Amino acid sequence: MSFSGKLRLGVNIDHVATVRNARGGAFPDPLRAARIAQEAGADGITAHLREDRRHISDADIEGLVDVLTVPLNFEMAATDEMQKIALRHKPHAVCIVPEKREERTTEGGLEVAREENRLAHFIAPLRDAGCRVSIFIAADHRQIEAAHRIGAQVIELHTGAYCDAHAEGDFETRDSELAALREMSAFAYSLGLEVHAGHGLTYDTVSPVAALPEVMELNIGHFLIGESIFLGLSPAIAEMRRLMDDARSG
Ligand code: PXP
């Protein structure tokens, strides 16, 4: 594996579906958002089919599999139901995330170390089906080693704590969270894992993460969909792309 110059941007379209579902019906259409995101320079589309279907629906996933020309990153909990759906569609990538019904968003990383055996068995058929398996985890040695041992090809580092500390003005915590992301992305890379990152990233927080040389992909959703209310989806994505590219080359 070698450092790739271009950092990939995965656009998460979950919250287009959140707005649609607030009224029922068909608008705004997440598939249309995915098409526009592709044209605006997204290198992949990410969608999380939650157990409670609060945003993305089964039909959305079917539609994405049909229309996308860029890779689909299918986020899912490690349940039998989701494994069956993933094996039916065989998306380019599957990202295993923790899921709690009462949470508003994916609050923490997956506890891989505690569930190593079960997760190793869970991801084996997904890998055999040709999906790249990614595990969403905190920037933590133990979790990274466990993700490596179970046979994941990719880890996605949770940037939520870094972004939250920035938003709260707690710059000491923000900087120590960033240092952990820096150290742990290098550590994961040294094990041969491909490193992605995401959660909570905004125009204000993306650059230091984009500058981490081992990080090959950022997955960004909520902020971009919100910003598109003001700017439109294409310009919102283009600005994120510009900040990522500047940070990478700077
Ligand atoms: N990566 C993963 C694994 C996620 O679960 C999410 C949220 O669904 C994101 C990235 C994107 O986070 P946000 O919507 O806050 O940009």
Side-chain angles (χ1 to χ4, degrees), residues 7-19 21 30 33-34 37 42-56 60-61 64 71-78 82 86 91-101 103-112 123 131-139 143-144 147 152-167 177 181 185 188 193-207 209-210 215-229 233 236-237 239-241 243-244:
L7 176 62
R8 291 200 306 265
L9 170 59
V11 173
N12 181 317
I13 56 164
D14 291 351
H15 297 298
V16 178
T18 303
V19 177
N21 295 359
D43 302 292
I45 297 294
T46 295
H48 182 180
L49 185 67
R50 292 187 78 105
E51 191 191 2
D52 62 9
R53 309 301 198 268
R54 70 176 69 160
H55 39 55
I56 292 294
D60 292 331
I61 295 295
L64 288 169
L72 172 63
N73 176 31
F74 178 61
E75 284 184 11
M76 57 178 238
M82 290 300 151
H92 166 82
V94 166
C95 181
I96 313 292
V97 301
E99 208 176 287
K100 291 190 227 115
R101 274 193 183 237
E103 71 190 355
R104 263 188 294 175
T105 181
T106 312
E107 279 163 4
L110 197 69
E111 251 301 330
V112 199
I123 69 170
C131 302
R132 281 183 77 68
V133 175
S134 169
I135 311 279
F136 190 44
I137 49 177
Q143 303 300 342
I144 293 170
Q153 296 115 310
V154 182
I155 55 152
E156 180 164 332
L157 294 176
H158 199 308
T159 52
Y162 155 75
C163 292
D164 288 348
H166 178 85
E177 291 294 342
L181 290 166
S185 55
L193 291 160
E194 182 173 316
V195 183
H196 299 177
H199 206 280
L201 291 168
T202 66
Y203 295 153
D204 288 339
T205 51
V206 74
S207 300
V209 181
V215 174
M216 291 184 65
E217 178 173 307
L218 298 181
N219 284 301
I220 308 180
H222 183 262
F223 175 82
L224 277 178
I225 302 307
E227 198 61 10
S228 73
I229 294 169
L233 187 54
I237 291 171
E239 175 61 4
M240 190 61 85
R241 177 85 264 168
L243 289 165
M244 287 165 57

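Source: prediction; values computed, not measured. Start at 1 and go down the list; that is how both ligands and their atoms are numbered. Atom set for the values below is all heavy atoms of this structure, side chains included, hydrogens, waters and symmetry mates excluded. Just so you know, residue 1 is the first one in the sequence shown, and it goes up from there.
Using modelled atom types, one side-chain atom of Glu99 and one backbone atom of Glu51 make a donor-acceptor pair closer than 3.5 Å.
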Legend entry - side chain to side chain contact (heavy atoms under 4.5 Å, CB included) between Thr202 and His166, intermediate numbers included: CA-CA 10 Å; Thr202 66; His166 178 85; 5.7 Å; no
Does the side chain to side chain contact (heavy atoms under 4.5 Å, CB included) test come out yes or no for Thr205 and Thr159, once each step is laid out? CA-CA 10 Å; Thr205 51; Thr159 52; over 6 Å; no
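Every atom of ligand 1 is numbered from 1 in the order shown, and the set under 4.0 Å from a heavy atom of Gly200 is 12 (O), 13 (P), 15 (O), 16 (O). In the vicinity of Gly221, heavy-atom distances shorter than 4.0 Å reach the ligand 1 atoms 13 (P), 14 (O), 16 (O). Less than 4.0 angstrom separates some heavy atom of Asn219 from each of these atoms of ligand 1: 10 (C), 11 (C). For ligand 1 and Asn12, the ligand atoms under 4.0 Å from any heavy atom of the residue are 8 (O). Near Val97, with a cut-off below 4.0 Å to any heavy atom, the atoms of ligand 1 are 3 (C). Each of the atoms 16 (O) of ligand 1 lies under 4.0 Å from some heavy atom of Ile220.
Of the candidates Ile137, Ile96, Ile155, Ile144, Val112 forms a side-chain contact (heavy atoms from CB on, under 4.5 Å) with just one, namely Ile137. Partner of His48 under the side-chain contact (heavy atoms from CB on, under 4.5 Å) criterion, out of Ile13, Val97, Ile56: Val97 alone. With Glu194 as reference, Arg132 is the one residue of Gln153, Glu156, Arg132 to meet the side-chain contact (heavy atoms from CB on, under 4.5 Å) rule.
Atom-to-atom distance recorded for His158:NE2 and Leu110:CG is 11.0 Å, nearest 0.5 angstrom.
Not a single N or O atom of His15, backbone or side chain, sits closer than 3.5 Å to an N or O atom of ligand 1. Taking only nitrogen or oxygen atoms, main chain and side chain alike, His222 reaches within less than 3.5 Å of ligand 1.
Ranking the protein heavy atoms by distance from atom 10 (C) of ligand 1 puts Glu156 OE2, 3.3 Å first.
Heavy-atom proximity to atom 5 (O) of ligand 1, evaluated over His199, Glu75, His196, is greatest for Glu75.
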